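Inspection log for the structure reproduced underneath, given as structure tokens.
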Amino acid sequence: MPIYVTRSSMPKLEDYIEEIKPIFESHHLTNMGPVYKKFQSQLITYLNVPELSLFVNGHMALEMAIQALGLKARGEEVGGGEVITTPFTFVSTTHAISRNNLKPVFCDIDPDTYTMDVNKIEELITDKTVAIIPVHVYGNICDVHKIETIAEKHKLKVIYDGAHAFGETYLGEGIGNFGDATMFSFHATKVFHSIEGGAVAFRDKRYGVPLHELKNFGIHGPEETSAIGGNAKLDEFRAAMGICNLRRIDECIAARKAVHDRYFERLEDVEGIKLCKPQEGVTPNYAYFPVCFDKDKFGKSRDDVFSRLREHDIYSRKYFYPAINELSCYKGQYNMNTPVAHDVSMNILTLPMYEELDLSDVDRICDVIIENNR
Ligand SMILES: *Cc1c(COP(=O)(O)O)cnc(C)c1O
């Protein structure tokens with residue numbers, strides 16, 4: 001049996017049917033109906049955030065959070081505003097900036113957490129900088145306090161891409177409470193999902209109306225459309241899936257923890273392999289299991305390990321590779337001086353990680369990596 005890098009968690013079919021019955025009865029399929037509202041209120045409780053707006057996916061949530069915060073307006077001309085972000089992320093983060101006619105300015109990353117290197121942010125700030133968009137990579141939490149200090153000093157907005165950080169807390173606070181806004185993704189491959197889906201958590205109530213209207217064409221009332229919005233509404237069926245999965249989230253994370261712990265035990269002391277250490281003060285969600293290879297010490301490169309795993313029908317992922325500023329749609333147009341992100345992208349591999357992954361399969365994967373199997 002092949003082992004894939006991920007496998008979506010599923011609720012019991014009967015639970016889902018139970019949850020969608022009222023939708024069949026009401027014929028209310030979308031446009032922020034009762035299931036949407038129920039899901040929203042359950043998430044506010046679970047994530048421990050004051051305000052939350054739901055979206056059809058995480059990407060549109062981020063695009064519209066950028067718009068709702070009015071970042072576009074602060075650039076001198078269209079495309080004038082600069083946003084400091086990381087090149088070590090999924091393309092969505094950078095696309096959301098670019099598609100808002102803002103300019104991504106790439107800040108290098110920390111070699112241990114792979115999140116934005118907070119000591120390199122200030123040198124990138126210019127009079128055109130409007131915001132910082134950092135990413136909680138693999139669920140590793142950014143240095144949120146340092147970022148807040150920098151943002152306050154330079155009057156910048158902060159939007160976190162928290163696609164990997166669902167349900168995490170830092171010093172007892174829900175991770176969606178930092179910065180001006182945090183995006184979460186509920187894509188099928190994430191720790192928590194609603195098939196497709198996403199959210200923006202925020203503290204300032206004033207963002208509620210723009211977020212709500214932007215995802216519904218900018219419609220303000222029956223005869224008034226006050227913004228040029230799009231369509232990014234989460235429908236009732238996906239909200240129902242979210243409700244079912246939220247019920248199981250704690251057991252899902254516990255199962256991932258067991259997988260994580262087994263990997264850790266097997267790989268921690270292997271020369272030339274670097275793992276992410278648990279972060280102090282963070283309740284992790286075990287979203288991914290990234291491994292960084294040092295070819296000189298380990299004897300094999302990341303690409304060698306990737307291929308060897310494939311020969312054994314095991315699918316790992318070069319995540320993230322290439323770094324975003326090396327992709328053809330961005331390459332050469334923005335600053336390329338991010339050597340740590342480049343190095344990490346060349347040497348990192350995320351191993352299979354999902355709720356139902358057997359510990360015996362984790363052993364099989366580790367055996368192949370350390371060539372313990374023949
Ligand atoms: C998944 C992901 C997104 C996009 O979320 P979708 O719900 O798939 O649109 C954005 N950023 C990061 C870091 C992601 O992993």
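Side-chain atoms are counted along with the backbone in the values below, which use heavy atoms only and exclude waters and symmetry mates. Remember, predicted model here, so these are calculated numbers, not experimental data. Counting starts at 1 for both ligands and their atoms, in listed order.
Ligand 1 is never approached by Ala61 to a heavy-atom distance shorter than 4.0 Å.
Contacts with ligand 1 closer than 4.0 Å are made by side-chain heavy atoms of Tyr319 only, the backbone lying farther away. Neither the backbone nor the side chain of Met60 comes within 4.0 Å of ligand 1, counting heavy atoms alone. At a 4.0 Å heavy-atom cut-off, ligand 1 touches Lys190 through the side chain alone.
For ligand 1, one of its N or O atoms has an N or O atom of Asp161 under 3.5 Å away. Between Val135 and ligand 1, no pair of N/O atoms sits closer than 3.5 Å.
Ring-plane geometry between His164 and Tyr138 is classed as parallel, the angle between the planes falling under 30 degrees on a 0 to 90 degree scale with a further cut at 60.
Here the heavy atom of the protein found nearest to atom 15 (O) of ligand 1 is His164 NE2, 2.8 Å. In terms of protein heavy-atom proximity, atom 8 (O) of ligand 1 is nearest to His187 CB, 3.7 Å. Ranking the protein heavy atoms by distance from atom 3 (C) of ligand 1 puts Phe90 CD2, 3.7 Å first. When hydrogens are left out, the protein atom nearest atom 9 (O) of ligand 1 is His59 N, 2.8 Å; that is the closest non-hydrogen contact.
Residues His95 and Glu63 bring no donor and acceptor atom of their side chains to less than 3.5 Å of each other. Side chain to side chain, His187 and Ser185 fail the donor-acceptor criterion of an N or O pair below 3.5 Å. Using modelled atom types, one finds no donor on one side chain facing an acceptor on the other under 3.5 Å when comparing Gln279 with Thr113.
Residue Gly197 has at least one heavy-atom neighbour below 4.0 Å for each of these atoms of ligand 1: 7 (O). Those atoms of ligand 1 with a heavy atom of Ser185 less than 4.0 angstrom away are 1 (C), 5 (O), 6 (P), 7 (O), 8 (O). Heavy-atom proximity to Thr89, at under 4.0 Å, picks out these atoms of ligand 1: 13 (C). In summary, the atoms of ligand 1 found under 4.0 Å from a heavy atom of Ser92, numbered by their order in the structure, are 3 (C), 4 (C), 10 (C).
The shortest distance between side-chain heavy atoms of Lys128 and Lys103 does not fall below 4.5 Å.
Atoms OG1 and CG, on Thr283 and Leu171 in that order, are 9.0 Å from each other to the nearest 0.5 Å.
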Hey, mind stepping through Ser9 and Tyr354 against side chain to side chain contact (heavy atoms under 4.5 Å, CB included) and telling me if it holds?
-> CA-CA 8 Å; Ser9 289; Tyr354 50 91; over 6 Å; no
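Under the 6.0 Å distance and 45° angle rule, Lys190 does not count as a cation-pi partner of Phe166. Both tests pass for Arg302 against the ring of Tyr321: distance under 6.0 Å to the centre and angle within 45° of the axis.
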